Trainee: 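Attaching a single structure in structure tokens format; questions to follow.
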Amino acid sequence: MQLQSKVTLKRATGAFALMDSLKRHGVKHIFGYPGGAILPIYDELYRVEAAGDLEHILVRHEQGAAHAADGYARATGKVGVCFATSGPGATNLVTGIATAQMDSIPMVIVTGQVGRPMIGTDAFQETDIYGITLPIVKHSYVVRDPRDMARIVAEAFHIASTGRPGPVLIDVPKDVGLEEFDYEPVEPASIRLSGYRPTIKGNPRQINQAVNLMREARRPLLYIGGGAISADAHAEIQELAEHFNVPATTTLMGKGAFNEHHPLSVGMLGMHGTAYANFAVSECDLLIAVGSRFDDRVTGKLDEFACHAKVIHIDIDPAEVGKNRTPDVPIVGDVRQVLIDMLRRCRETGEPINSNQTQAWLERINRWKQDYPLVAPEHPDSMSPQEVINEVGKMAPDAYYTTDVGQHQMWAAQFLKNGPRQWISSAGLGTMGYGMPAAMGAKVALPNRQVICIAGDASIQMNIQELGTLAHYGINVKTVIINNGWQGMVRQWQQAFFGERYSSSNMEVGMPDFVKLAEAYGVKGMMISSRDELKEAIAQMLAHDGPVLMDARVTKDENCYPMVAPGKSNAQMVGLPIRKQLEQAVELITCSNCGYENVATNNFCPECGNKL
């Protein structure tokens, strides 16, 4: 009788099981900060790093670790990983975890915890990070037994990266990291979770309905969100747009999912979107929502958003479909797979497309583009923020761009043209201090690609200590501070909606000398204040072999326009550029409120927002 061979199990600690499992899942970089409760894991990390299996990036604040892992994930589509210790170390990650959750970013967060016997006793540096983060993670674990470690890591990576992506927390008590047991690895993709089956394929009947609606529409519009980026669906979106001759607009999260140089692109829509994107969504007869969630900053007044249109909504998360707007054709599934099936259906039917069907609609949008272009102003006595961003974009067109949050973020979204995954910005949570650590993560992931952070003078100070990390590892990130001396978007809202009462929004008193501060960290610092210096300074910044912090002193009171005021529809934009004269005579309507002359096709006056 042949004896069955036994699997030889290795005696190992929980910390070894964690690090070995991370390696098996292809982790090459970890962003983190050590502390008492996570020391057993860092002790094992010491051995793994010494063997050259992965690299740990020591950040200067745990929030920087979370944002760096987030930027790493957005730039690559892979799962980002960060470490922090218990108590304050773990709570310092919370903002970064919430940022990732709001924008559906795949991350695995490992926190140390006090020993199992001490949990619940208010021990030194104990917090219930599992409970604190429950509303802002996709899933979470506390490892009670080191034998569960390999399975939990495999499950965490599977959950974080499949379906609608998101952050997953693994909380590891200190004694779990130290305890020895018979270790049996769990390989990636070997996990099958009961009850967790994200829908990948769309319903064929609904796909047929969607295709039929697209064939019939005369004023269709593609409305593309961050789900299209997560699904890597940019090629399929362009093919669909060209097949039906449909214009395309993107959300802040969706930037890069459609080529903004393409003639069918109408840029970003929403509160600070282009006039022609917002007019198009107000006048379309069919809205094809692809991986988007009808966010309030996109829709404006919801009941007037695409109010004349039928809606097709494609999303992998069934909770999003119909949450804010009831679609005529709901399709739950992976965005890329659904679009592949839609295109296959188009080819199978063989029915010809009337290429002229949307021609009048495209001509109308092109007139809006001509009449209401995005313009970078040039002031005689100061350098506008738009022209700084515009020039950076021209000189580094293929760079990966991260931003902080505020006016500079919106100007960057308006004027930069990005490829897939090359736009990295906190959209849902709007996290100041996000830009530089996210750029750090993107550059670590893609060392041969150019990475530029567009920051504000207020936002940059939220995590400016990460200059130390850039200097420590020589991470070649270029940071451009759009410095107007204010919390710019706060000042703009105070001016527009709060009677010009500028409460606690001026940042000039106490502002550091950014050049000296950068140099104190060992980073090259630069300062410019006039357009005469602009091109040469940007060229020097890009040519420098190492991180650079550029302080660009810009117009102090520049506002971010166009803008949809709160509670208004997207057609009621204010601050539009002066309308160019049309080449041919058209019927005009005079606004009864402000006297502005409008094209007869307008429903709202773009100057004051009055309904015509």
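What you see is a predicted model, and the numbers here were worked out from it, not measured in a lab. We're numbering straight along the sequence, starting at 1.
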Trainee: With sequence neighbours left out, what residues match N208 under side chain to side chain donor-acceptor pair (under 3.5 Å)?
Mentor: R345
Trainee: Hey, are the side chains of F279 and R364 touching, using non-hydrogen atoms and a 4.5 Å cut-off?
Mentor: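 Not touching, per the 4.5 Å side-chain cut-off.
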Trainee: For the side-chain hydrogen bond (donor to acceptor under 3.5 Å, both in side chains) test, which of T403, D404, D70, T402 pairs with Y434?
Mentor: D70
Trainee: Residues two or more places apart in sequence or in another chain: which of them pass ring pair (Phe, Tyr, Trp, His ring centres under 6.0 Å) with F258?
Mentor: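 With sequence neighbours excluded, F258 shows a ring pair (Phe, Tyr, Trp, His ring centres under 6.0 Å) to H262, given in chain and number order.
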Trainee: Between R74 and D103, does any side-chain N to carboxylate O distance fall below 4.0 Å?
Mentor: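 Salt bridge: yes.
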Trainee: So does A69 get a backbone contact from the side chain of H29, meaning a donor-acceptor N/O pair under 3.5 Å?
Mentor: no
Trainee: Could you give all pairs that pass the ring pair (Phe, Tyr, Trp, His ring centres under 6.0 Å) test and reach residues 392-420, with sequence neighbours left out?
Mentor: none
Trainee: With sequence neighbours excluded, what pairs up with Q63 under the side chain to side chain donor-acceptor pair (under 3.5 Å) test?
Mentor: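 Applying side chain to side chain donor-acceptor pair (under 3.5 Å) to Q63 gives H67.
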Trainee: With no hydrogens and no angle check, do the side chains of T99 and T431 hold a donor and an acceptor under 3.5 Å apart?
Mentor: yes
Trainee: Which residues pass the ring pair (Phe, Tyr, Trp, His ring centres under 6.0 Å) test with H25, not counting sequence neighbours?
Mentor: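 In terms of ring pair (Phe, Tyr, Trp, His ring centres under 6.0 Å), with neighbours along the sequence ignored, H25 is linked to F157.
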Trainee: Any luck finding a side-chain donor-acceptor pair between K478 and N476 under 3.5 Å?
Mentor: yes
Trainee: Where the side chain of K138 meets the backbone of I159, is there a donor-acceptor pair that is under 3.5 Å apart?
Mentor: yes
Trainee: With no hydrogens and no angle check, is any side-chain donor or acceptor of S425 less than 3.5 Å from a backbone partner on A427?
Mentor: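 Checked: no pair found.
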Trainee: For E187, check salt bridge (charged side-chain N to carboxylate O under 4.0 Å, His left out) against everything at least two apart and list the hits.
Mentor: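 Partners of E187 by the salt bridge (charged side-chain N to carboxylate O under 4.0 Å, His left out) criterion, ordered by chain and then number, come out as R24.
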Trainee: In chain order, what residues pass the salt bridge (charged side-chain N to carboxylate O under 4.0 Å, His left out) check against K201, with sequence neighbours excluded?
Mentor: D341
Trainee: Counting distance only, does the side-chain N/O of W423 pair as donor-acceptor with the main-chain N or O of L252 below 3.5 Å?
Mentor: yes
Trainee: The criterion is ring pair (Phe, Tyr, Trp, His ring centres under 6.0 Å); which residues satisfy it with Y561, sequence neighbours excluded?
Mentor: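 Per chain and number, Y561 pairs via ring pair (Phe, Tyr, Trp, His ring centres under 6.0 Å) with no residue.
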Trainee: So that I can tick it off, tell me whether R164 and D317 are bridged by a salt bridge, with the cut-off set at under 4.0 angstrom between side-chain N and carboxylate O.
Mentor: yes
Trainee: Check salt bridge (charged side-chain N to carboxylate O under 4.0 Å, His left out) between K443 and all other residues, then give those that pass, not counting sequence neighbours.
Mentor: none
Trainee: Is E320 salt-bridged to R293, cutoff N-O under 4.0 Å?
Mentor: no
Trainee: Measure the shortest side-chain to side-chain distance between H272 and Q409 over non-hydrogen atoms and say whether it is less than 4.5 angstrom.
Mentor: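 SC-SC contact between H272 and Q409 ruled out.
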Trainee: Does any pair with a residue in residues 187-228 pass ring pair (Phe, Tyr, Trp, His ring centres under 6.0 Å), and if so which ones, sequence neighbours excluded?
Mentor: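 Applying ring pair (Phe, Tyr, Trp, His ring centres under 6.0 Å) to every pair that reaches into residues 187-228, excluding sequence neighbours, yields H158-Y196, Y223-F294, Y223-F305.
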Trainee: Please list all pairs passing the salt bridge (Lys or Arg N to Asp or Glu O under 4.0 Å) test where one or both residues lie in residues 407-436, with sequence neighbours left out.
Mentor: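 Found D232-R421.
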Trainee: Residues in salt bridge (charged side-chain N to carboxylate O under 4.0 Å, His left out) with K28, at least two apart?
Mentor: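 With sequence neighbours excluded, K28 shows a salt bridge (charged side-chain N to carboxylate O under 4.0 Å, His left out) to no residue whatsoever.
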Trainee: Just so I know, are the side chains of I482 and V388 near enough to count as touching, which here means a heavy-atom distance under 4.5 Å?
Mentor: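 Yes. Closest side-chain heavy atoms under 4.5 Å.
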